[in-house]
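Input: a single structure, listed below in structure tokens.
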Amino acid sequence: VQVHVGNLVVQMARDAVAARIGGEVLRLPVSYKDTVEACKHLACIAPTKEMVDAAYEQSSQDGRLVFRGLVRTREDTEKMTTLDFTQKFNMGIERQLREKPHSAMIAGPWKYWILHPRIVETGAVNYGGFDDSGKPIQTVGGRHDATHFDYSQLFQPVLRTAFLDGRPIDLLDHYVNIGLPKEYVDAYRWRQGDAS
């Protein structure tokens, strides 16, 4: 789906990436490390905060979807990486979609791994999951490293090819030009220094 971010137009997956598990289609959690590896194969890249915000605003035109966390007790913290929590989280998203069908972009009820200058702190940055008022429940956060994953961290990639003022560009180059750390952007290349 095309998402307009100022004078930049990106193409973002309509929904989070899912897989069939035991006959059930589930949006699956990923680590930031897994995000980078998957993006190399798909010619994609993680979004920026601005892209997530724009996708959320666009999706909200169909009816606002919200983040519904599952951690209520200390014991729940131990279940954050389980299939049970992944299934429950998906059921909550599907329930919202039945109440507010989305014609195009689906965004808001999960967290994203994003590219942001804070990535230099721990090697990964997460953001998003929007509440009833439209505010992110996770502001730009550097608490988790690149191997962390839990039921709420999903994968909704952006194609590397985008349009800036109507001209096609490679988002890897654009990200470096807007000041994102080059070594973290270059990690999305198939081989270091590869232009493809």
Short side-chain to backbone donor-acceptor contact, [X] and [Y], under 3.5 Å:
X    : Y    : result
H102 : K100 : yes
T122 : R143 : no
D173 : V176 : no
W113 : V36  : no
D76  : R72  : yes
T86  : L28  : no
Q156 : I106 : yes
R27  : L154 : no

Task: Worked check of side chain to side chain contact (heavy atoms under 4.5 Å, CB included) between M51 and L171 - done: CA-CA 12 Å; M51 290 174 192; L171 282 176; 4.2 Å; yes
So, taking the atom named [atom1] in [X] and the one named [atom2] in [Y], what distance separates them when rounded to the nearest 0.5 Å?
X    : Y    : atom1 : atom2 : answer
H174 : T161 : NE2   : OG1   : 13.0 Å
R74  : T77  : CZ    : OG1   : 7.5 Å
M105 : R14  : CE    : CZ    : 9.0 Å
I137 : Y127 : CD1   : OH    : 10.5 Å
E37  : K40  : CD    : NZ    : 4.0 Å
Q11  : C44  : CD    : SG    : 10.0 Å

Quick one: are [X] and [Y] in side-chain contact, heavy atoms under 4.5 Å?
X    : Y    : value
E57  : D53  : no
S152 : W110 : no
D150 : Q153 : yes
T35  : Y188 : yes
L65  : I93  : no
V120 : E183 : no
V158 : M12  : yes
Y151 : V71  : yes

Minimum heavy-atom distance between [X] and [Y], given as atom pair plus value:
X    : Y    : value
G108 : Y112 : N-OH, 3.8 Å
D170 : R160 : OD2-NH2, 2.5 Å
D131 : Y56  : O-OH, 4.1 Å
Y175 : A46  : OH-O, 2.9 Å
A104 : D62  : N-OD2, 3.7 Å
A146 : G123 : CB-O, 3.8 Å

Task: Worked verdict on N126 versus H148 for side chain to side chain contact (heavy atoms under 4.5 Å, CB included) - done: CA-CA 10 Å; N126 63 349; H148 171 86; 5.7 Å; no
ILVMFWY network linking [X] to [Y], side-chain heavy atoms under 4.5 angstrom:
X    : Y    : value
Y184 : L42  : yes
I114 : L180 : yes
L26  : F89  : no
I178 : V9   : no
F163 : L8   : no

Task: Evaluation steps, salt bridge (charged side-chain N to carboxylate O under 4.0 Å, His left out), between D186 and K182 - done: CA-CA 6 Å; D186 281 346; K182 187 175 188 311; 2.5 Å; yes
- [ ] Test side chain to side chain contact (heavy atoms under 4.5 Å, CB included) on L159 and V10 and set out the steps.
- [x] CA-CA 7 Å; L159 284 179; V10 300; over 6 Å; no
- [ ] Show your reasoning for whether salt bridge (charged side-chain N to carboxylate O under 4.0 Å, His left out) applies to R68 and D132.
- [x] CA-CA 10 Å; R68 299 283 186 236; D132 293 303; 3.3 Å; yes
Task: Flag if over 12 foreign heavy atoms under 6.0 Å of NZ, K33 - done: no
Open item on the list: Working note: K79 + D84, criterion salt bridge (charged side-chain N to carboxylate O under 4.0 Å, His left out); need CA distance, chi angles, decisive distance, verdict.
Closed with: CA-CA 8 Å; K79 300 175 188 173; D84 178 53; 5.8 Å; no
TODO: Kindly indicate, with the supporting measurements, whether the criterion side chain to side chain contact (heavy atoms under 4.5 Å, CB included) is fulfilled by K111 and F67.
DONE: CA-CA 8 Å; K111 297 177 196 170; F67 180 85; 4.0 Å; yes
